[in-house]
Number of protein chains: 2
Amino acid sequence: MDRNAKPQKRALTPRGAATKRRIVEAAASLIYARGVERVSLDDVMEASGASKSQLYHYFDNKDGLVREVIELQASRILQTNALHFERLDSFAALHAWREAMVAANRAWGGVGGCPLGSLANDLAAQSEQARRQLDQSFAAWGMVIEAGLSRMKEMGQLRSCVDARGMAVAVLAAIQGGILLSKTTRNSEPLELALDMALSHIERHAV
Amino acid sequence: MDRNAKPQKRALTPRGAATKRRIVEAAASLIYARGVERVSLDDVMEASGASKSQLYHYFDNKDGLVREVIELQASRILQTNALHFERLDSFAALHAWREAMVAANRAWGGVGGCPLGSLANDLAAQSEQARRQLDQSFAAWGMVIEAGLSRMKEMGQLRSCVDARGMAVAVLAAIQGGILLSKTTRNSEPLELALDMALSHIERHAV
DNA sequence: TTCAAAGTGGACTGTCCAGTCCATTTCTTA
DNA sequence: TAAGAAATGGACTGGACAGTCCACTTTGAA
């Protein structure tokens with residue numbers, strides 16, 4: 001019952017919280033562009049304007065920083081997707097979401113891939129801790145999609161026998177695979193084809 | 001027209017070719033398990049029983065080795081998939097292929113992901129050379145699938161208006177996304193759901 | 001106003017790593 | 001069988017990196 005067994009979070013002042021956020025955001029950008037292994041703490045120091053001791057003041061080590069980067073990217077994706085799925089009420093809304101995904105992919109130049117997907121590929125086999133965290137992030141993302149599909153069921157737009165969860169997982173897979181291929185081919189077409197397959201899979205279960 | 005502008009391949013004796021193959025295979029295993037950045041040349045030396053000078057005798061540098069690893073993994077995947085698609089003649093055969101993919105994924109323990117997909121995620125944004133190589137590998141894979149679908153069109157099992165190429169790309173995306181999620185969740189279910197979506201997408205276009 | 005905690009600066013360490021270099025052994029062929 | 005080419009061994013270098021350490025500055029609450 002020793003409260004120090006795991007040192008509890010220290011109290012962060014507003015300045016400290018801002019610095020910490022600056023570091024995580026800088027690290028997230030760099031890692032998104034290059035991958036975990038190609039980003040050194042010196043890179044993060046330069047990009048965030050923080051010193052070495054600040055990094056170790058706010059994070060246990062590089063893994064600890066990466067943990068927070070995963071959290072940040074997951075929260076960003078959930079936020080964006082929740083906008084589309086929380087009020088999902090029609091197939092037209094689904095297509096609007098499709099367009100938004102493709103537009104976003106085009107805007108990145110299709111270069112970076114999915115922030116979560118890249119991290120999952122990088123870390124799932126390297127760190128059980130990271131794998132679990134990413135698994136939960138994907139699960140949360142899937143639940144956002146599932147909630148939208150369930151809503152369509154309730155509204156009588158999808159057949160009641162539809163497995164919303166399974167469908168959400170398949171849609172998520174289409175997103176991930178589509179983005180990966182688009183990143184490799186530098187063209188949004190694969191993502192579009194994958195999303196169209198996913199949408200037609202959903203529409204096939206329309207009432 | 002200087003023939004030395006790019007030093008042509010040196011003549012390899014059987015022993016040399018065997019050593020080179022041993023090195024590439026060892027590197028492929030390590031990179032598959034850990035990713036390019038987490039494999040050092042010393043690791044490859046140890047795993048292949050080769051010395052440093054051998055590595056630099058057979059490859060320009062680490063990038064050159066990675067290039068050959070990509071080639072090896074692509075050829076392995078093409079070979080496996082060609083078995084299923086070259087003679088693709090029915091929806092039953094398509095389902096058999098699905099089972100084979102899932103079984104393979106289970107056999108790896110769902111740990112490693114797709115050798116090409118992992119490399120693409122790792123390298124597409126880091127090296128234009130590697131990106132092109134991986135793009136071509138995916139294209140070749142897609143063409144194997146497309147050829148099978150075209151065959152089914154010719155046999156009158158798929159409607160003639162079907163876009164075999166687009167469908168092949170979508171199927172490939174489902175594979176990649178499914179494998180990535182399965183690797184993250186350590187469970188083959190996501191891959192199964194993604195493949196089922198892809199198959200039902202194809203079957204929806206049956207005559 | 002004071003002082004402890006929070007925050008910051010940056011030099012330093014030990015290790016790891018890609019790539020170089022040169023000496024030696026094994027093969028091939030003339 | 002001699003000589004040149006191919007193959008191999010392994011020490012060495014320069015730089016990059018995660019993580020440590022200690023001194024200094026700022027903040028905020030009593």
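Keep in mind that the numbers below use all heavy atoms, side chains included, and drop hydrogens, waters and symmetry copies. Order of the sequence lines sets the chain letters (A, B, ...), proteins ahead of strands, with each chain counted from 1.
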Colleague: Starting at atom CZ of Phe59(A), determine the distance to atom C1' of dA18(D), rounded to an integer number of angstrom.
Modeller: 15 Å

Colleague: Separation of Met45(B) atom CE from dT8(D) atom P, in whole Å?
Modeller: 13 Å

Colleague: Does OP1 or OP2 of dG28(D) have a side-chain N or O of Arg15(A) closer than 4.0 Å?
Modeller: no

Colleague: Which sits closer to the 5' end of DNA chain C, Pro14(B) or Asn61(B), going by the nucleotide each is nearest to?
Modeller: Asn61(B)

Colleague: Compare side-chain N and O positions of Ser53(A) against OP1 and OP2 of dC21(D) and report whether any pair is under 4.0 Å apart.
Modeller: no

Colleague: Using every non-hydrogen atom in the two residues, find where Leu149(A) and Ala164(A) come nearest and quote the distance to one decimal.
Modeller: CD1-O, 3.7 Å

Colleague: Describe the nucleic acid contact of Ser51(A) in one word from base, sugar-phosphate, nothing, applying a heavy-atom distance below 4.0 Å.
Modeller: base

Colleague: Whole Å only: how far is the CG atom of Leu41(B) from the C1' atom of dA18(C)?
Modeller: 6 Å

Colleague: Say whether Thr185(B) and Asp135(A), considering side chains only, have a donor N or O and an acceptor N or O under 3.5 Å apart.
Modeller: yes

Colleague: Rounded to the nearest Å, what distance is computed from the CG atom of residue Asp42(B) to the P atom of nucleotide dT15(C)?
Modeller: 15 Å

Colleague: When the distance from CG of Leu12(A) to P of dA5(C) is rounded to whole Å, what number comes out?
Modeller: 16 Å

Colleague: Does any N or O donor sit under 3.5 Å from an N or O acceptor when you compare the side chain of Lys52(B) with the base of dA11(D)?
Modeller: no

Colleague: What orientation do Trp141(B) and Phe138(B) show, parallel under 30°, tilted 30 to 60°, or perpendicular over 60°?
Modeller: parallel

Colleague: Hey, is the side chain of Tyr58(B) poking within less than 4.0 Å of OP1 or OP2 on dA6(D), counting only N and O atoms?
Modeller: no

Colleague: Taking only the side-chain heavy atoms of His57(B) (C-beta and beyond), determine which of dG19(C), dG9(D), dA7(D) contains the nearest atom.
Modeller: dA7(D)

Colleague: Charged N to carboxylate O below 4.0 Å: is that the case for Asp196(B) and Arg98(B)?
Modeller: yes

Colleague: Using whole Å, what does the distance between atom C1' of nucleotide dG9(C) and atom CD of Glu46(A) come to?
Modeller: 16 Å

Colleague: In whole angstroms, how far is the C1' atom of dA6(D) from the NZ atom of Lys20(B)?
Modeller: 14 Å

Colleague: Figure out the CD1/C1' separation between Ile23(B) and dT8(D), and round it to whole Å.
Modeller: 10 Å

Colleague: Check Arg106(B) with Glu192(B), please: is the shortest side-chain N to carboxylate O separation under 4.0 Å?
Modeller: yes

Colleague: At under 4.0 Å, does any side-chain N or O of Gln54(B) touch on OP1 or OP2 of dA7(D)?
Modeller: no

Colleague: Please confirm whether the shortest side-chain N or O distance from Thr13(A) to OP1 or OP2 of dG7(C) is below 4.0 Å.
Modeller: yes

Colleague: Could you check whether Val39(A) gets within reach of a base, just the sugar-phosphate, or nothing at all, counting any heavy atom under 4.0 Å?
Modeller: sugar-phosphate

